[in-house]
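A quick write-up on the structure given underneath.
All chains are named by letter (A, B, ...) in the order of the sequence lines, taking the proteins before the strands, and each is independently numbered beginning at 1.
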There are 2 protein chains.
Amino acid sequence: MSLVSSLLQQAKDSGLRRTKALEALFTCLTTCDRPMTLNEFTTCNHLASQCDKATVFRLLQKLCDKGMVRRLGLHERAAYFTLILPDQHRDYLICTECGSIEPINAPCPVHKLQEEIRKETGFTNLYHELEFFGHCPKCSKS
Amino acid sequence: MSLVSSLLQQAKDSGLRRTKALEALFTCLTTCDRPMTLNEFTTCNHLASQCDKATVFRLLQKLCDKGMVRRLGLHERAAYFTLILPDQHRDYLICTECGSIEPINAPCPVHKLQEEIRKETGFTNLYHELEFFGHCPKCSKS
DNA sequence: GCTTTTTGTGCAATTTTTTTGCATTAAAAG
DNA sequence: CTTTTAATGCAAAAAAATTGCACAAAAAGC
Ligand SMILES: [Mn+2]
Ligand SMILES: [Mn+2]
Ligand SMILES: [Zn+2]
Ligand SMILES: [Zn+2]
């Protein structure tokens, strides 16, 4: 069973319908596999001419609600969206000059603090977003 | 010498002029002392009727360039801005239901990783943004 | 002080991004 | 197949970010 199929199943289980647009969006999310803006999604070949921007917007919104997609604020004017895969947690390294976005391989160092926060504050559904910003070697030179 | 005065001096040293608008903005940034959106700034008593929104926008932009203000993407549609004080590093805890934003007191656990990233990637001007999101106790109940 | 030069400001307009209304279509349920 | 309910396209609106330009204010030079 392909990843897209299992995502469609997971979506269905949480109340969404199996539509052409959703399948195309999952294909895009899994094959492009990087945070993208709404505009990038709608102009990506996987989605272009498959469905309208408003549809992509509403699907991303629903998938965020279901916890299948994460919305990231990466210092660009537009919001970024990325698939949440089980056993995958990603922090990012972003060049504020050229805009490159790279996931970080090293293990995330904040889970312990997150647990402390959960206990001390009583917050539920806790998660975090960690991004490093700077100038990449290429942009540092020029 | 007040904090506002020293900020004005610091701004002047890096090329900005000492204007009424800048002083009002620094007063706002220091007394309100929390991340705020452009709209919040312009409607705050410290700035309202003191200057135009475009002016605040351009000042915040310049202060970001000078490294005196930080732009935060806190999952709202609008960007947040907050003063960078020396010896002050803040991570945030945000309720995605009611929108409350609280700085975290615990020491930040990512500096070590940041150093590793600097060495391994060659990034310069490195900094990070760490936010925890969840439902606060109040919002968890309802 | 006064004059020149440079930067900042207000206001309106524009651009970009996000969001919604509504008539229609497609999916799921019966 | 029929009914019910959710999803979609299209266009329009709302919200946020950004800019152009004439004028005002600050700093620099005298
Ligand atoms: Mn992390
Ligand atoms: Mn931190
Ligand atoms: Zn770069
Ligand atoms: Zn709350």
Which residue pairs pass the side-chain hydrogen bond (donor to acceptor under 3.5 Å, both in side chains) test with at least one member in residues 15-29 of chain A, sequence neighbours excluded? none
What distance separates L83(B) CG from L29(B) CG, expressed to the nearest 0.5 Å? 5.0 Å
For atom CD of Q50(B) and atom C1' of dG8(C), their distance in whole Å: 15 Å
Apply salt bridge (charged side-chain N to carboxylate O under 4.0 Å, His left out) to K112(B) and E115(B), showing your working. CA-CA 5 Å; K112(B) 193 180 160 197; E115(B) 275 314 301; over 6 Å; no
In whole Å, I'd like the distance from the CG atom of L25(A) to the C1' atom of dT8(D). 14 Å
Between dA6(D) atom P and L59(A) atom CG, what is the distance in whole Å? 15 Å
The salt bridge (charged side-chain N to carboxylate O under 4.0 Å, His left out) partners of E120(A) (sequence neighbours excluded) come to none
Through what angle, rounded to 10 degrees, does the axis of the helix from dG1(C)-dC30(D) to dG30(C)-dC1(D) turn between its ends, using five pairs per end? 40°
Between C1' of dA27(C) and CD of Q9(A), the distance in whole Å: 15 Å
What does E76(A) touch in the nucleic acid at a heavy-atom separation under 4.0 angstrom: a base, only the sugar-phosphate, or nothing? nothing
Whole-Å distance between dA27(C) C1' and E23(A) CD? 14 Å
In B/S/- notation, 5' to 3', how is nucleotides 24-29 of chain D contacted by protein heavy atoms closer than 4.0 Å? -BBS--
Per-pair distances, 0.1 Å, donor-acceptor, side chain in residues 61-68 of chain B, under 3.5 Å, sequence neighbours excluded:
{"residue": "K66(B)", "atom": "NZ", "partner": "S14(B)", "partner atom": "O", "Å": "2.8"}

Would you say T55(B) reaches dG8(C)'s phosphate, i.e. side-chain N/O to OP1/OP2 under 4.0 Å? no
Can you measure from CD (E40(A)) to SG (C28(A)) and round to the nearest 0.5 angstrom? 9.5 Å
Protein and nucleotides 13-15 of chain C: nitrogen or oxygen contacts under 3.5 angstrom:
none

Could you state the atom-to-atom distance from NZ of K66(A) to P of dA6(D) in whole Å? 11 Å
Residues clustered with I84(A), ILVMFWY side-chain links under 4.5 angstrom: none
Distance check needed: dA6(D) P versus L63(A) CG, whole Å only. 17 Å
Keeping to residues at least two apart or across chains, list the ring-ring contact (aromatic ring centres under 6.0 Å, His included) pairs with something in residues 94-127 of chain B. F133(A)-Y127(B), H89(B)-H111(B), H111(B)-H128(B)
Working to the nearest 0.5 angstrom, can you tell me the gap between L130(B) CG and C108(A) SG? 8.0 Å
Rounded to the nearest Å, what distance is computed from the CG atom of residue D65(A) to the P atom of nucleotide dA7(D)? 12 Å
Roughly how far apart are Y80(A) OH and T37(A) OG1, rounded to 0.5 Å? 6.0 Å
Heavy atoms under 4.0 Å is the rule here; annotate nucleotides 17-25 of chain C 5' to 3' with B where the base is hit, S where only the sugar-phosphate is, and - elsewhere. SSBBBB---
Does L47(B) share a hydrophobic cluster with L60(B), counting links as ILVMFWY side-chain heavy atoms below 4.5 Å and allowing steps through other members? yes
Would you mind listing every ring-ring contact (aromatic ring centres under 6.0 Å, His included) that reaches into residues 27-71 of chain A, with sequence neighbours excluded? none
Hey, could you give me each pair passing side-chain hydrogen bond (donor to acceptor under 3.5 Å, both in side chains) that has a residue in residues 131-140 of chain A? Not counting sequence neighbours. T96(A)-H135(A), S140(A)-T124(B)
Quick one: list whatever passes salt bridge (charged side-chain N to carboxylate O under 4.0 Å, His left out) with R71(B), sequence neighbours left out. none
